[in-house]
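Starting from 1, each residue takes its place in the sequence as its number. Please read all numbers here as calculations on a predicted model, not as lab measurements. Every number for a ligand or one of its atoms is a count from 1 in the order of the listing.
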Amino acid sequence: MYKFRKEPWQEDGQWQEQIRDQVDTIEKLRQYINITPDEEDAINTLKMRWGTTPYYASLMDRDDPCCPVRKMIIPSMKETENTYGIPNYLVIKENREKTDRFGEDEKRPDSVARQYIDRVAFTITDVCPSYCRYCFRREAVIDKDLRLRFDVDEGLEWIRKHEEIRDVLLTGGDPFMLSDENIRYLIESLRSIPHLEMIRIHTKMPITCPHRITESLLDILGQEHDIPIWINVHICHPKEITDKIRKVIWDLLHTGINVGNQGVVLKGINDDVETFQKLHQKLLSVRIRPYYMFHCQLAPGVDHFRAPVEKGAELIRDGIRGHTTGLAQPMYAVSTKVGKIPLMPDYYIKGNGGERYKLESYKGETLYIPYIPE
Ligand SMILES: *Cc1c(COP(=O)(O)O)cnc(C)c1O
């Protein structure tokens with residue numbers, strides 16, 4: 001029988017300390033790494049919101065400026081360059097101007113983003129314990145020049161009125177930044193809506209601040225299994241997966257919560273076959289099921305992170321499919337205003353005359369299967 005074994009860092013109070021002591025100044029950062037002149041220049045010049053938890057900062061390599069965790073967290077002057085990013089990206093991406101999609105008769109609350117008939121993304125906060133530089137919501141979360149009203153009650157009211165919604169995905173910012181009391185209120189409110197069949201929580205906090213997975217949070221999430229909670233975390237590099245992560249994923253699974261991963265293909269961070277394969281193997285080794293790997297979205301100021309469109313498909317073809325456990329394979333996709341669109345590698349080509357399909361194995365071997373008419 002499983003019994004919750006509380007680690008000292010899972011005591012209540014520890015996660016709040018991680019938030020309070022956020023590493024968000026040069027002085028604090030210096031305790032973890034030897035800052036390069038470029039890093040210091042970007043922090044001082046850009047004056048952008050940045051920061052991470054002491055725990056996550058401790059994963060940074062003290063001397064290597066190419067450390068993936070450093071690159072994901074420390075601002076760069078490259079954020080001022082923008083060739084591909086779309087201005088006002090989030091308004092376009094989340095269909096915030098349209099009121100008539102899916103037959104809606106009034107403007108949706110700012111907190112509700114909709115691309116599908118049966119499910120919505122419900123943004124409940126715009127703060128994070130750790131700010132990823134490649135964030136696609138950076139206009140609202142980092143730059144704050146897009147002012148949105150993330151009012152939980154207004155969002156709940158909208159969901160209550162829309163009976164076609166059966167799946168609500170909590171997002172942010174980071175949803176686990178809310179207090180236990182507010183999370184309890186939110187989950188209880190959602191679970192009292194008769195047409196809801198499931199709740200999803202998209203959070204990086206188990207990774208940037210595993211301390212957040214406390215006994216009382218597990219108690220809140222673990223109640224009442226008729227309406228299950230699915231969590232998707234956000235891991236892009238194997239270095240992010242530590243013993244603390246292993247522990248909190250184990251705890252979450254034991255309360256009946258499935259945990260998946262949504263990552264982003266990031267240039268110079270995980271876009272080589274070896275790192276990509278290791279990332280997905282290591283996810284499974286701590287019981288996280290890979291779900292999506294995304295092409296880096298067209299938010300402004302993140303060009304330096306964006307790999308070519310084909311990259312994710314190539315990495316799956318050369319490092320995952322056939323090369324390692326099938327469960328390790330994520331869906332490679334791009335998230336757009338009309339929904340998520342798969343960008344997976346093609347394994348079959350229809351042969352001549354429409355009589356058969358030419359298939360290709362992961363090793364490039366050829367095989368044929370017949371064309372079967374309807
Ligand atoms: C990603 C997303 C979803 C969920 O998509 P799934 O493919 O079901 O995981 C739902 N609504 C919005 C607005 C999204 O961006």
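- Under 4.0 Å is where a charged nitrogen must lie from a carboxylate oxygen, and between D243 and K247 no such pair does.
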Check the pair D126, L148 against side-chain contact (heavy atoms from CB on, under 4.5 Å), reporting the backbone distance first and the verdict last.
-> CA-CA 9 Å; D126 63 355; L148 297 171; over 6 Å; no
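- In this structure, ligand 1 sits under 4.0 Å from heavy atoms belonging to A113, Q115, Y116, R119, A121, L169, R200, Y291, Y292, K340.
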Would you sort out whether K358 and Y368 count as a side-chain contact (heavy atoms from CB on, under 4.5 Å), showing the intermediate values?
-> CA-CA 5 Å; K358 183 181 175 189; Y368 294 90; 3.8 Å; yes
Evaluation steps, side-chain contact (heavy atoms from CB on, under 4.5 Å), between L315 and V273 = CA-CA 6 Å; L315 293 165; V273 170; 4.1 Å; yes
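- With 3.5 Å as the limit, one finds no donor-acceptor pair spanning the side chains of N258 and Y291.
- The number of heavy-atom neighbours closer than 6.0 Å to NZ of K78, taken from other residues, nucleotides and ligands shown, is 12 or below.
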